[in-house]
Novice: 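Following this message is one structure expressed as structure tokens.
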2 protein chains.
Amino acid sequence: MTRNPAAKAEVMTIREMCAAYDVTPRTLRFYEAKELLSPIREGTRRLFTRRDRARLTLILRGKRFGFSLEDIRQTLDLYDRDGSDAAQRQRACEIARERLAIMEAQRAELDVAIADLKAELAASATNTATQRGTAPSHAAE
Amino acid sequence: MTRNPAAKAEVMTIREMCAAYDVTPRTLRFYEAKELLSPIREGTRRLFTRRDRARLTLILRGKRFGFSLEDIRQTLDLYDRDGSDAAQRQRACEIARERLAIMEAQRAELDVAIADLKAELAASATNTATQRGTAPSHAAE
DNA sequence: AGAGAGCTTGACGTTAACGTCAGCGTAACG
DNA sequence: CGTTACGCTGACGTTAACGTCAAGCTCTCT
């Protein structure tokens, strides 16, 4: 009764999750407490579904971009709250568009930063003992 | 004697900095304590140079990418420590290359995230009351 | 000279995102 | 049936990145 053959590999234990995503149990429990994940309970144990795994992927990705868990939680909710009422979906779309704008701006800035660093590297390569490199282009935002 | 005409707008007070970069005095002092900035002292007051401003731009940019202040400090030091010995410069280049690799990977991930979110938005737009959108592509890293 | 305005240095408080540890449950193994 | 392994729940500790006073200088203006 514990092993439904149809549910093979459908869910993962906390240890399997930790191994697969390189996080600690504490982190997973913490994310659950923050309502970023919502694993099933088998008695008292947690079982993580595909949904949890998909969300965790997005969480970890978001973190690398410098988003807070709260930011991420809001963005995540956009992905699976579909059958709600129209007003709520409208609001969700707004948030999504905002996030999108932020990420695209971030990408643009990343491109600048990459270009800067490349230039610095190139300059540093040419003059093994020459001039003093000035600070890169500066635009006050 | 306080106003050298040649030094016009060369340096900025802490208030001017705060207004220009939208940060608090506390933040600037904090960054100085962490050796990210090194303003001149006029008596006891701080005067921020162009170098400080250039660095602050990079600091704030780096923060938006999710880098820690310590990460940023190390990267910043690559930009202006030129006249050092060869070994040190060698090391600096290594760090710069690492950062570059990280940022390029981050850019790639950002593209994926942007594509995901766009897809979700598009799907959400087409079905005003249709199906259930599944979670986006999932690759365990 | 007195009153602000603006700046300074401590020093302690706060929030996010976990780490760490203690104490307890339970499930399987020898 | 004891114990070893894994899991759970608090509860407190920690680090980064500041916020928030308190108390004291130093110009400047009136």
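A, B, ... follow the sequence lines: proteins, then strands. Residue 1 opens every chain. Computed from a prediction, not measured in an experiment: that's the story for all the values here.
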Novice: Let me know the distance between CZ of B:F67 and P of D:dT15, rounded to the nearest Å.
Specialist: 23 Å

Novice: Using whole Å, what does the distance between atom P of nucleotide D:dG7 and atom CZ of A:F30 come to?
Specialist: 21 Å

Novice: Between B:R46 and B:D52 (salt bridge meaning N to carboxylate O under 4.0 Å), is one present in this structure?
Specialist: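 So B:R46 does not pair with B:D52 through a salt bridge.
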
Novice: Just the rounded figure in Å: distance from C1' of C:dA17 to NZ of A:K34.
Specialist: 8 Å

Novice: Would you please name every residue forming a salt bridge (Lys or Arg N to Asp or Glu O under 4.0 Å) with B:R73, sequence neighbours left out?
Specialist: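 Salt bridge (Lys or Arg N to Asp or Glu O under 4.0 Å) check on B:R73 returns B:E70, B:D77.
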
Novice: Mind checking salt bridge (Lys or Arg N to Asp or Glu O under 4.0 Å) for B:E94 and listing every partner two or more places apart, or none if nothing turns up?
Specialist: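 B:E94: salt bridge (Lys or Arg N to Asp or Glu O under 4.0 Å) contacts with B:R91.
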
Novice: Checking A:E35 now: which residues fulfil salt bridge (Lys or Arg N to Asp or Glu O under 4.0 Å) with it, not counting sequence neighbours?
Specialist: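 Applying salt bridge (Lys or Arg N to Asp or Glu O under 4.0 Å) to A:E35 gives none.
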
Novice: Specify the residue among A:K63 and A:R45 whose closest nucleotide of DNA chain C lies further upstream toward the 5′ end.
Specialist: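 Mapping each residue to its closest nucleotide by heavy atoms, the 5'-most match is A:K63.
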
Novice: Does any part of the side chain of A:V11, heavy atoms only, come nearer than 4.5 Å to the side chain of A:F48, both counted from C-beta?
Specialist: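 When only atoms from C-beta onward are counted, A:V11 and A:F48 do not touch, as no gap falls below 4.5 Å.
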
Novice: Rounded to whole angstroms, how far apart are CG on B:L47 and P on C:dC7?
Specialist: 10 Å

Novice: To the nearest angstrom, how far is B:E42 atom CD from C:dG6 atom C1'?
Specialist: 13 Å

Novice: Pick out the pairs of N or O atoms, protein on one side and nucleotides 9-11 of chain C on the other, that lie under 3.5 Å.
Specialist:
| residue | atom | partner | partner atom | Å |
| --- | --- | --- | --- | --- |
| C:dT9 | OP1 | B:R41 | NH1 | 3.1 |
| C:dT9 | OP1 | B:R41 | NH2 | 3.1 |
| C:dT9 | OP1 | B:R46 | NH2 | 3.3 |
| C:dT9 | OP2 | B:R46 | NH1 | 2.7 |
| C:dT9 | OP2 | B:R46 | NH2 | 2.4 |

Novice: Any side-chain N or O of B:T24 under 4.0 Å from OP1/OP2 of D:dG19?
Specialist: yes

Novice: Take the protein atom OH of B:Y31 and the nucleotide atom C1' of D:dG19, then report the distance between them rounded to whole Å.
Specialist: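 So the OH-C1' distance, B:Y31 to D:dG19, works out to 13 Å.
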
Novice: Using whole Å, report how far CE of A:M12 lies from P of D:dC6.
Specialist: 16 Å

Novice: In this structure, how many angstroms lie between the P atom of C:dT8 and the CD1 atom of B:I14, rounded?
Specialist: 5 Å

Novice: Among D:dA17, C:dC18, C:dA17, which is the nearest nucleotide to the side chain of B:L69?
Specialist: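 It is D:dA17.
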
Novice: Is A:T27 near enough to C:dG19 that one of its side-chain N or O atoms lies under 4.0 angstrom from OP1 or OP2?
Specialist: yes

Novice: Holding to side chain to side chain donor-acceptor pair (under 3.5 Å), I want the full list of residues that pass it with B:S38, two or more places apart in sequence or in another chain.
Specialist: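 Checked B:S38 against side chain to side chain donor-acceptor pair (under 3.5 Å); matches are B:R51.
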
Novice: Looking at residues at least two apart in the chain, or sitting in another chain, which of them share a salt bridge (Lys or Arg N to Asp or Glu O under 4.0 Å) with A:E104?
Specialist: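 Counting only residues at least two positions away or on another chain, A:E104 forms a salt bridge (Lys or Arg N to Asp or Glu O under 4.0 Å) with B:K118.
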
